[in-house]
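These notes are about the structure you will find just below.
For this chain, numbers begin at 1 and follow the sequence in order. Just so it is clear, the values below take in all heavy atoms, side chains as well, and ignore hydrogens, waters and symmetry mates.
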Amino acid sequence: MLANRLNQKRVLTIQDVSCVGRCSLTVALPILSAAGLETSILPTAILSTHTGGFTGYTYRDLTSDIAPIAEHWESLGLKFDALYTGYLGSFEQLELVSSLFDRFKLDGGIILIDPVMGDNGALYTGFTPEFAASMARLCAKSDVVVPNLTEAAFMLNEPYIGEGYDSGYIEGVLTRLRGLGANSAVLTGVSFEPGKIGVATLDGGAVEYYFTERVDGYFHGTGDVYASVLLAYLGRGLRLHEAAAKAADFTLECIKLQLMSGGEPRYGVPFELCLGLLTR
Ligand code: PXL
């Protein structure tokens with residue numbers, strides 16, 4: 001991958017700004033920066049808070065800014081070592097992002113899609129199965145797709161199975177995710193036994209697993225923390241499975257601190273206190 005003389009990789013992350021509530025860009029930007037990646041952002045919308053756990057939030061759609069921003073960047077000849085998408089809010093944004101992938105990825109660069117759409121068997125407010133089908137089509141352009149079990153089920157148009165599954169099921173899901181055209185897939189929230197939760201990865205060889213202790217509860221924004229740390233380590237050149245495992249450890253640290261802090265889950269996890277783990 002092309003880098004500047006300090007050997008810094010250049011990343012573009014495309015997702016909303018939820019002003020309050022530690023998710024999307026307010027998580028991705030500090031994590032990628034702490035890991036030493038030069039990080040550019042393309043905000044797709046500005047919300048006063050995220051949509052999970054707050055009512056009355058404002059939403060300013062920035063879709064119409066994407067094309068002119070991209071034209072300016074093209075005039076500058078910009079390209080990125082990695083493009084990373086998180087929460088995207090409309091079919092039009094999916095179309096625009098698909099074109100950004102074609103125009104701004106360096107040869108040998110990474111496209112990472114975190115298809116943020118839902119959790120625990122349900123889609124977040126505002127998302128539909130049709131949107132999940134379009135997200136699945138976008139995944140054909142990805143090098144790495146990072147869904148949880150809910151997002152995977154909706155993208156594959158399959159029933160959601162939240163528990164009681166076996167490794168055959170997980171391996172089938174990963175294979176079908178690659179069948180969408182993604183080069184590799186990381187499935188989060190995989191659990192075969194009480195007290196343990198983890199990730200399963202597939203990049204062409206055998207499926208690999210990594211488990212940590214399970215902390216019960218719902219922790220807002222941890223999917224965004226996970227995907228950002230995953231990309232941070234991929235940018236450092238770690239193999240997919242190693243990066244996926246390190247991201248799981250980092251996310252667990254954040255969750256433990258969240259429990260210690262006693263803060264309201266909707267304000268997200270105190271990932272700031274873990275950033276030192278990412279700096280050299
Ligand atoms: O954490 C994912 C996320 C990102 N952005 C917005 C959200 C959510 C999850 O609810 O609402 C606006």
Mind listing the closest non-hydrogen atom pair of [X] and [Y] along with its distance?
X	Y	answer
Thr44	Asp16	OG1-N, 3.2 Å
Gln15	Ala28	NE2-CB, 3.5 Å
Ala247	Val229	CA-CG1, 3.7 Å
Leu32	Tyr84	CD1-CD2, 4.0 Å
Cys19	Ile46	SG-CG2, 3.8 Å
Val190	Phe211	O-CE2, 3.5 Å

Q. Should Leu230 and Leu234 be marked as a side-chain contact (heavy atoms from CB on, under 4.5 Å) after you check the CA-CA gap, both sets of side-chain angles, and the distance that decides it?
A. CA-CA 6 Å; Leu230 174 70; Leu234 289 174; 4.1 Å; yes
Looking at [Y], is its backbone amide N or carbonyl O close enough to the side chain of [X] to form a donor-acceptor pair, meaning the two atoms are under 3.5 Å apart?
X	Y	result
Asp224	Ser24	yes
Gln258	Gly263	yes
Ser98	Leu94	no
Ser90	Gln93	yes
Thr251	Asp249	no
Thr58	Ser48	yes
Ser75	His72	yes
Asp81	Arg10	yes
Gln8	Gly36	yes
Glu151	Asn148	yes

Less than 4.5 Å apart, any side-chain heavy atom of [X] and any of [Y]?
X	Y	value
Val173	Ile170	no
Val215	Leu252	yes
Pro147	Leu187	yes
Leu278	Leu275	yes
Phe271	Ser228	no
Arg22	His220	no
Val225	Ile31	yes
Asp216	Arg214	yes

Q: Verify the cluster assignment for Leu83 and Trp73: are they in a single hydrophobic cluster under the rule of side-chain heavy atoms below 4.5 Å apart?
A: yes
Going from [atom1] on [X] to [atom2] on [Y], what distance comes out if it is rounded to the nearest 0.5 angstrom?
X	Y	atom1	atom2	answer
Thr26	Glu272	OG1	CD	8.5 Å
Thr150	Ile161	OG1	CD1	11.5 Å
Leu37	Leu12	CG	CG	12.5 Å
Ile255	Met260	CD1	CE	14.5 Å
Ile113	Thr85	CD1	OG1	4.5 Å
Thr13	Phe80	OG1	CZ	11.0 Å

Q | Asp102 vs Lys141, side-chain contact (heavy atoms from CB on, under 4.5 Å): CA-CA, chis, key distance, verdict | A | CA-CA 9 Å; Asp102 298 337; Lys141 292 195 174 169; 2.9 Å; yes
Which pairs of donor and acceptor atoms, one on a side chain in residues 130-138, lie under 3.5 Å apart (sequence neighbours left out)?
from: Glu130; atom 1: OE1; to: Thr128; atom 2: OG1; distance (Å): 3.4
from: Ser134; atom 1: OG; to: Arg137; atom 2: NH2; distance (Å): 3.1

Q) Given the rule in the salt bridge (charged side-chain N to carboxylate O under 4.0 Å, His left out) test, do Lys105 and Asp143 qualify, once you have shown the distances and angles that lead to the verdict? A) CA-CA 11 Å; Lys105 188 183 92 149; Asp143 295 285; 3.7 Å; yes
Q. Around atom CG of Asp65, are there more than 12 heavy atoms of other residues, nucleotides or ligands at under 6.0 Å?
A. yes
Q: Kindly check if the number of other-residue, nucleotide or ligand heavy atoms within 6.0 Å of CZ (Arg239) is above 12?
A: yes
(Q) Under the criterion side-chain contact (heavy atoms from CB on, under 4.5 Å), I'd like the reasoning laid out for Arg176 against Glu158: C-alpha separation, chi angles, the key distance, then a yes or no. (A) CA-CA 11 Å; Arg176 291 190 289 282; Glu158 296 174 359; 2.4 Å; yes
Q. Can you check side-chain contact (heavy atoms from CB on, under 4.5 Å) on Ser99 and Arg103, steps first, answer last?
A. CA-CA 6 Å; Ser99 134; Arg103 289 157 72 189; 3.3 Å; yes
Q.
Closer than 4.0 angstrom, basic N to acidic O: yes or no for Glu213 and Lys256?
A.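 Looking at Glu213 and Lys256, the cut-off is met.
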Q) Which other residues belong to the hydrophobic cluster containing Val20, where Ile, Leu, Val, Met, Phe, Trp and Tyr are joined when side-chain heavy atoms lie under 4.5 Å apart, directly or via other members? A) Phe54, Tyr267
Q: Please report the C-alpha distance between Tyr87 and Phe127 in whole Å, then the side-chain angles of each, then the deciding distance to 0.1 Å, and finally whether the ring-ring contact (aromatic ring centres under 6.0 Å, His included) criterion is met.
A: CA-CA 11 Å; Tyr87 183 102; Phe127 289 102; 5.4 Å; yes
Run the side-chain donor-acceptor check on residues 193-201: report pairs under 3.5 Å with partners two or more places apart or on a different chain.
from: Thr201; atom 1: OG1; to: His241; atom 2: ND1; distance (Å): 2.8

Q.
Looking only at the aromatic ring of each residue, does the gap between the centers of Tyr169 and Phe192 stay below 6.0 angstrom?
A.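 No; Tyr169 has its ring centre 6.0 Å or more from that of Phe192.
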